[in-house]
Amino acid sequence: MNRPSQPDRPKTGPDKNSVFPNPAIPEVCFIKNVITRKNIIVGDYTYYDDKNGADAFEAHVTHHYEFNGDKLIIGKFCQIASGIEFIMNGANHCMSRVTTYPFNIMGGGWEKTTPALSDLPLKGDTVVGNDVWIGQNVTVLPGVHIGDGAIIGANSVVASDIPPYCIAVGNPCRVIKKRFDDELISHLEKIQWWNWDDEKINANLETLCSGDLERIREIK
């Protein structure tokens, strides 16, 4: 006996728990679903674009040692292009001594020169906000905070904090302009659309993708 067909459930976006959201674009993967390190935290729908495969992202988070205690924290809906390099605090050398050479890690009795963590220039967690677009071959240095909605131009070296909804480029990376006026930036930071549930995002997709900025101002 033929069973009556069931109506298709309305689609509210790709599966956020999938590795490859679109099989037609195999180089794009949702990072959260391939992370193995406890000191890397990534939000839903944030993707990395790399032809070398889904496991390539962690290879671009370097000098990241658990004993330093620093974390890489990336928000939701970020877009990260190939060639990204997050340099973490383990890359820092002690600069208050005569030499910056790390004798202690070479062994052979040189361990006696191991500095205390308090002697190292540790700069804390590296934090990337939500809906951040990072272009190709960008390097992010330890302890940097990149605000929500920021855009980082290709080949930039981010050595200091970037405010929300700003475009920044260069080496060292500098803000060249704000994306929107202060009122709209404040509004976007208030409504935090990236924290909406999937149904609400889907219902407002045309507004989020519209160049008519008055439409998003109407959402409270």
Side-chain angles (χ1 to χ4, degrees), residues 12-14 16 21 28 30-32 35 40-49 57 60-61 70-88 123-220:
T12 56
K16 62 186 174 185
V28 170
F30 285 157
I31 301 172
K32 185 193 75 170
I35 291 299
I40 300 178
I41 301 168
V42 182
D44 292 334
Y45 299 108
T46 285
Y47 74 79
Y48 176 55
D49 183 349
F57 179 78
H60 294 275
V61 183
D70 59 335
K71 294 180 175 65
L72 171 60
I73 303 170
I74 303 175
K76 301 176 182 178
F77 292 95
C78 292
Q79 315 112 60
I80 301 177
S82 60
I84 185 67
E85 194 80 6
F86 288 101
I87 299 177
M88 304 301 288
K123 297 182 178 180
D125 296 336
T126 298
V127 180
V128 178
N130 304 278
D131 190 23
V132 173
W133 175 22
I134 300 179
Q136 288 188 193
N137 302 316
V138 167
T139 298
V140 180
L141 298 186
V144 163
H145 288 212
I146 299 174
D148 298 323
I151 298 174
I152 308 298
N155 301 305
S156 295
V157 177
V158 189
S160 58
D161 293 352
I162 305 298
Y165 288 95
C166 286
I167 300 173
V169 300
N171 180 10
C173 196
R174 293 283 186 266
V175 172
I176 58 170
K177 63 181 293 186
K178 293 181 179 180
R179 293 181 58 195
F180 310 122
D181 61 58
D182 289 342
E183 182 182 356
L184 180 53
I185 291 173
S186 177
H187 178 67
L188 292 169
E189 289 279 83
K190 182 178 180 179
I191 66 172
Q192 298 183 358
W193 68 262
W194 44 84
N195 287 329
W196 294 347
D197 59 37
D198 292 342
E199 288 74 17
K200 185 172 181 178
I201 288 175
N202 191 62
N204 290 279
L205 208 56
E206 286 77 11
T207 297
L208 291 172
C209 297
S210 173
D212 180 359
L213 301 179
E214 296 307 312
R215 294 175 61 177
I216 195 67
R217 295 179 196 267
E218 297 173 359
I219 298 178
K220 304 301 180 182

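Residue numbers count from 1 along this sequence.
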**Prompt:** Hey, are the side chains of K178 and C166 touching, using non-hydrogen atoms and a 4.5 Å cut-off?
**Reply:** yes
**Prompt:** Are any non-hydrogen side-chain atoms of C173 and I152 less than 4.5 angstrom apart?
**Reply:** yes
**Asked** If you take all heavy atoms of L141 and A159, which pair is closest and at what distance?
**Response** CD1-CB, 3.7 Å
**Asked** Does R215 use its side chain to pair, donor to acceptor, with the backbone of S210 at less than 3.5 Å?
**Response** no
**Prompt:** Do you know the tightest heavy-atom contact between F30 and K16?
**Reply:** CD1-O, 3.9 Å
**Asked** Roughly how far, to the nearest 0.5 Å, is OG1 of T139 from CG of N171?
**Response** 8.0 Å
**Prompt:** Do D125 side-chain atoms and V127 backbone N/O form a donor-acceptor pair below 3.5 Å?
**Reply:** no
**Item:** Candidates V138, I40, V140 - the one meeting side-chain contact (heavy atoms from CB on, under 4.5 Å) with F86
**Value:** V140
**Prompt:** Looking at CD of Q192 and NZ of K190, how far apart are the two atoms once the value is rounded to the nearest 0.5 Å?
**Reply:** 11.0 Å
**Prompt:** Does any non-hydrogen side-chain atom of V132 lie less than 4.5 Å from one of I74?
**Reply:** no
**Prompt:** What is the distance from atom CG of L184 to atom CD of E214, rounded to the nearest 0.5 Å?
**Reply:** 8.5 Å
**Fill in**
Heavy atoms of I191 and I219 approach each other most closely as CG2-O, 3.6 Å
**Contact check, side chains of I185 and D181, non-hydrogen atoms, under 4.5 Å** = no
**Request:** With the side chain counted from C-beta on, respond yes when W196 and N204 share a heavy-atom pair under 4.5 Å apart, and no when they do not.
**Result:** yes
**Asked** Is a donor on one side and an acceptor on the other found under 3.5 Å between the side chain of T46 and the backbone of F77?
**Response** yes
**Complete:** Correct closest heavy-atom pair for N130 and K76 would be OD1-N, 2.7 Å
**Item:** Nearest atoms (heavy-atom pairs only) where I35 meets F57
**Value:** CD1-CD2, 3.9 Å
**Request:** Please round to the nearest 0.5 Å and tell me the distance separating atom CG of N195 and atom CG of D44.
**Result:** 10.0 Å
**Request:** Report, as yes or no, whether the 6.0 Å neighbourhood of atom CH2 on W133 holds more than 12 heavy atoms from other residues, nucleotides or ligands.
**Result:** no
**Prompt:** Rounded to the nearest 0.5 Å, what separation is found between the CG atom of D148 and the CG atom of D131?
**Reply:** 8.0 Å
**Request:** Work out which heavy atom in G75 is nearest to a heavy atom in C78; give both atom names and the distance.
**Result:** O-SG, 4.0 Å
**Asked** Sub-3.5 Å donor-acceptor pair from the side chain of S156 to the main-chain atoms of V158, do we have one?
**Response** no
**Request:** Indicate the ring-plane relationship of Y165 and F180, choosing parallel, tilted or perpendicular according to the 30° and 60° boundaries.
**Result:** tilted
**Request:** Supply the atom-to-atom distance I146 CD1 to I162 CD1, rounded to the nearest 0.5 angstrom.
**Result:** 6.5 Å
